[in-house]
Each structure stands twice: as structure tokens, then as C-alpha cells.
Amino acid sequence: MRIAVVASEAVPFSKTGGLADVAGTLFKEYTGMGFDAFLFVPLYRRTAEQFGTRLQDAGIGIDVPVGKAFRKCRVFTLKMETEERQGHNSRLPRFTGAPDRVFFIGNEEYFDRDELYGTPAGDYPDNDQRFAFFCRAVMEICKVLDLRIDLMHCNDWQTGLIPLYIKTLYRDVPALEKTASVITIHNLGYQGLFPMQAMGITGLSMDLFNPEGLEFYGKVNFLKAGIVGADVITTVSGTYAKEILTPESGFGLDGILRKRAGSLMGILNGIDYAEWDPSADTYLPHTYSKSDLSGKAECKKELIKRCSLENNADAPLICFIGRLSTQKGVDLLAGAAPELIAAGADLVVIGKGDEHYQKILSSISDRFRESFFFHTGFSEDLAHLAYAGADIFLMPSRYEPCGLGQMIAMRYGTVPVARRTGGISDTVEDGLTGFLFDEYSASALAGAVRKALSAHKSRRAWQGLIKNAMGRDFSWRKSAKIYGDMYRDAVKAKGLSGAAASR
């Protein structure tokens, strides 16, 4: 079966969040499972800077329609690289997939920018053009190369136009006429909303601008296009699949999702066990395992030193790693921080996002310099060290479709304290592998942390929590198999419907 994974970001090429981990890791899993898999991603500036020596022009130049105009698309792939050459380029992110199956969509006007989607001040105003271009470019490449894709797996609003393109503008293209489509909703809170004029940019008929199509309170909704057009809709945990059918968590799309509930399923994300492995993590000064945790204690000492914290290694160390937004509960973290510090804990916060939260966290860091460390931005090596060196991992999310942070933390023996929502409910067992709270408030978060701090006082109890957490399996193997079975069912159903339509 020939599969195309299409995403606006994918590790190790580009990343702002969990979407990149899922798309990149799934592609790698599929190549290992024997699928004929392709990956389509934009060629961003940071990708070109990191992989410039390995990028090669595929010799494919395409004029991609964007509204009434055409934009140039250049296609790049990766050069093969031997183990010896990889060793000489130790700073280059490791990629173990099939390099000739990765297609980078290049257009300097749209993708040669500092960030992927926008700056802390807001989204790029031409994101409708940028990602309509990306979606059409994927279609055109499949057409030009006659790729004959069986299953197109789209991810989030940036690729939401593709399922509708397959059923409308490209339905008679031989390379795509039998293609089934899946869209995965990684976060329903991000939908790709644009003015009505964006319909002209998409090239789709204005007949689709209605409540059963792309229209959403007078705007064009790219994610809704995917929900309407895809053969199968997935999201990233079983609990979240149920939550998004409700007005409370549906972000205005619960109605259309309920209509398509028969085509909706939740498949829990996994994490890449090759990248996140405390026994072989090259970012760590000391490695460790479930049976020998001595290296974790050394990582804690190193984290304390690097963050210039003044408590000794016996004091509980709490970390938060993630996007600085209300969704991630940063307001709760900021509200609870003084109480947690007063209880004797140190805090390490790593992330970037809303300027408002960056200022608040910087202010807390200035106030509690000996006990609160704030790193603005993302640092891969510091993140790995924090996952390994911390005792407790905070995840006070307002909502969390799946969450990878709690899985990584458990893999590293760092006990999560998290709000019971979405995928957190499906992965953290209260009192066994972590501590959960329900009410969205700083006091509820602080109360759950106090339970964790109480358990931390008992070495035996804490060791039990760590080993329980490290014993859980969150690898991609199981989830990738579920996806593969779903793909086969979707392709089979597409074939049957096509045969029925031709009769």
C-alpha cells in the first residue's frame, strides 16, 4: 500500500509541537513496517539551514495555482548519507527514514521566514495563501510524478484542503482518483480561519461556502474542509474523540463532527523510543534505566547546576516543558509557583509562546531567582536534561488532545502531575504513575503537587511511582499498527464505493 503523510511540520526537519513528533515518527514507523510511504513537508528556512548539505533539487518545478495566480514550487529530497558521513556531521539531526521518499515543498516567498506560522505578535497574515499553496503543491506533485497514492494522511488545518481537493478539483486525475483520505485532528482549537475572500485563494467552488461545507460564522475554515472531505477522521486519543463531540470542547465544530461521528476514531499517540531513551540518550551526562536509576540522580545534579538553583539535590525539582499558552495551563503554573516554592520545591520552566506569559514567567524568575529558572525558547539538550533530571513534570492543561510530555516524562521516570483531560486521562493513572486533578484552578494544581511532594518524602513510595511510570509502554508500535489497519479499511471502502459509483 502506498501512503503519503502530509504535515506542516515533521521531526527532525521542523517542529513547533507534538504534530511534528507524530508526523515524522509515523513516517519512520511505516517505512519499517513495509509500507511504500512518502512524507510531504514545507521547506522552511530552519530546515534549509539545518539540512542544507543533504538537500538536493529533485528537478521538479511546478506552477501551483493560488487563486488566479501561479506560484513557483521547487521540490527537494534528501541525499543518501552513510553512517561515516553522519558521524562527521554530529550536529545534524538524525534521520533514519527513506530519504528519497521525503518531498520538501519549496517556495521562498512563503516558507523562507523566521518562524513556521507566525511570531509571538500573531499569525502570518498570508497563512491562507501559504498553506493553500502547500496543499495544491502536494496534489500537483502526485499528478506530475503519477504517484498513485492509495491513502493520503493529512494533519491539522494546514492540510485540511487536501481531502476536498481529492474529491473535487483532482477527482479525475488518474494518480488520485482512487486515493482515500484521512485527516487527523491534533488540536481542534487551531482551525485555520480566514476571511471569505480566501475561497478564491483555494480554487474551490463558492458552492462549498455554506454551513455544510467550509463556511464557519462567515469565515473560511480550513480544518472544517478536512472534516467534511476526509473519508476517515481521527484524533489523538480516545477520550479526546469523545470530548470534541460536545459543545464544551468542540470549538464550534461539534455539530459537524457529530454528523460524521461514524467516521471518527481516536488513536492514541506514541513517542519515538529511539529518540526518548534514558538508557541511550546522548543529550544526557549520565544514562540510566528502570533497574538502575543512579544516572537519574546525576542528571538532577547537572540540571540544578545548569539552572543555577540553590537547593540541594534532595529537594523536589519540578519542571514544565511546553508552549506558553492558556491551553497548556501556564496561568495555573504562574499562579501556583509561589506556593510550590514555599513548599520547598524548585521549578524549571522551558518554553516559548505568548508574550504575556513570557513576561509573567520572567517576573517570577526575577523574584525567585534561587528557586525558579525560566528558559525562553526551546532547547533540545536542556529539554532532555529536564525530563531526566526533574522529579515531577507539570501538565496543568486546560485541554489536552493527547499530550506527549507526560509520556516522555514517564519514560524518564519523572512523575507527572496533570489535569485529568483528553489524552492525559488515557495515559496517567492517578496514584500509580502520577497525580491527577480535575478543577481548572491554581489551587487544584497546587493540591495535586502537594500529594506528589508528600509521596516524594518516602523513598520507597517514590521509587514505586518511578518504576510504575517507566514500566508503561508508549511506543508507536501499537498505534502504528492501528493506523495501518484503518488505512486498509479506508482504501477498501474507497474501492467499493468507487466500484458502486461506476455501475
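Worth knowing before you read on, the calculation uses all heavy atoms, side chains too, and leaves out hydrogens, waters and symmetry mates.
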Between Asp381 and Arg306, does any NZ, NE, NH1 or NH2 come within less than 4.0 Å of an OD or OE carboxylate oxygen? yes
Donor-acceptor pair between Thr239 and Asp426 side chains, under 3.5 angstrom: yes
Option passing side-chain contact (heavy atoms from CB on, under 4.5 Å) with Leu214 (candidates Val228, Asn221, Ile227, Leu161): Leu161
May I ask you to say whether Asp489 pairs ionically with Lys492, meaning some side-chain N is under 4.0 Å from a carboxylate O? no
Quick check with a 6.0 Å cut-off and a 45 degree axis cone: is Arg2 positioned over the face of Phe35's six-membered ring? no
Please tell me whether Gln129 and Tyr110 have a donor and an acceptor in their side chains that are separated by less than 3.5 angstrom. yes
Nearest 0.5 angstrom please: Leu257 CG to Leu188 CG, how far? 6.0 Å
Tested for ring pair (Phe, Tyr, Trp, His ring centres under 6.0 Å) against Phe131, the lone hit among Phe222, Trp157, Tyr190 is Trp157
Say whether Glu140 and Tyr170, considering side chains only, have a donor N or O and an acceptor N or O under 3.5 Å apart. yes
Could you tell me whether the side chains of Ser289 and Ser279 share a donor-acceptor contact shorter than 3.5 Å? no
Enter the distance from Phe133:CZ to Glu109:CD here, rounded to the nearest 0.5 Å. 9.0 Å
Measure from NZ or CZ of Arg136 to the centre of the six-membered ring of Tyr165, then state whether that distance is under 6.0 Å and the direction lies within 45° of the axis. yes
What I'd like to find out is whether the side chain of Ser181 reaches to under 4.5 Å of the side chain of Ile166, using heavy atoms alone. yes
Without swapping roles, check the side chain of Thr202 against the backbone of Met199 for a donor-acceptor pair under 3.5 Å. yes
Is it the case that Arg411 places NZ or CZ above or below the six-membered ring of Tyr273, under 6.0 angstrom from the centre and within 45 degrees of the axis? yes
Looking at Ser205 and Leu208, would you say the former's side chain and the latter's main chain have a donor-acceptor pair under 3.5 Å? no
Arg130 side chain vs Leu116 backbone, donor-acceptor pair below 3.5 Å: yes
Residue pair Asn187 / Tyr399, side-chain donor-acceptor N/O under 3.5 Å: yes
Would a line drawn from the ring center of Phe104 to the ring center of Phe13 be shorter than 6.0 Å? yes
Are Tyr30 and Tyr487 near enough that their ring centres are under 6.0 Å apart? yes
Enclosure of Arg477 CZ (heavy-atom neighbours >12, cutoff 6.0 Å): no
Taking NZ, NE, NH1 and NH2 as the nitrogens, is one of them in Asp36 or Arg101 under 4.0 Å from a carboxylate oxygen of the other? yes
So that I know where these two stand, are Phe474 and Trp276 an aromatic pair - ring centroids less than 6.0 Å apart? no
With a 4.0 Å cut-off on N to O distance, would you call Asp231 and Lys167 a salt bridge? yes
State plainly whether the residues Glu108 and Arg45 are in salt-bridge range, i.e. N to O under 4.0 Å. no
Say whether Gln191 and Asp156, considering side chains only, have a donor N or O and an acceptor N or O under 3.5 Å apart. no
Residue pair Ser397 / Gln327, side-chain donor-acceptor N/O under 3.5 Å: no
Test item: side-chain donor near acceptor, Glu400 and Thr421, under 3.5 Å: no
Is there a donor-acceptor pair under 3.5 Å between the side chain of Arg398 and the backbone N or O of Lys328? no
Can you check whether Asn155's main-chain N or O pairs, donor with acceptor, with Thr159's side chain at less than 3.5 Å? yes
Just checking Tyr117 against Tyr124, ring centres under 6.0 Å apart? no
Salt bridge Lys72-Asp63, side-chain N to carboxylate O under 4.0 Å: yes
Check this for me: does any side-chain nitrogen of one of Arg46 and Glu115 sit under 4.0 Å from a carboxylate oxygen of the other? yes
Any donor-acceptor pair under 3.5 Å linking the side chain of Thr235 with the backbone of Ala241? no
Across all chains, not counting sequence neighbours, the salt bridge (Lys or Arg N to Asp or Glu O under 4.0 Å) partners of Asp150 are none
Could you list the residues that satisfy salt bridge (Lys or Arg N to Asp or Glu O under 4.0 Å) with Lys224, not counting sequence neighbours? none
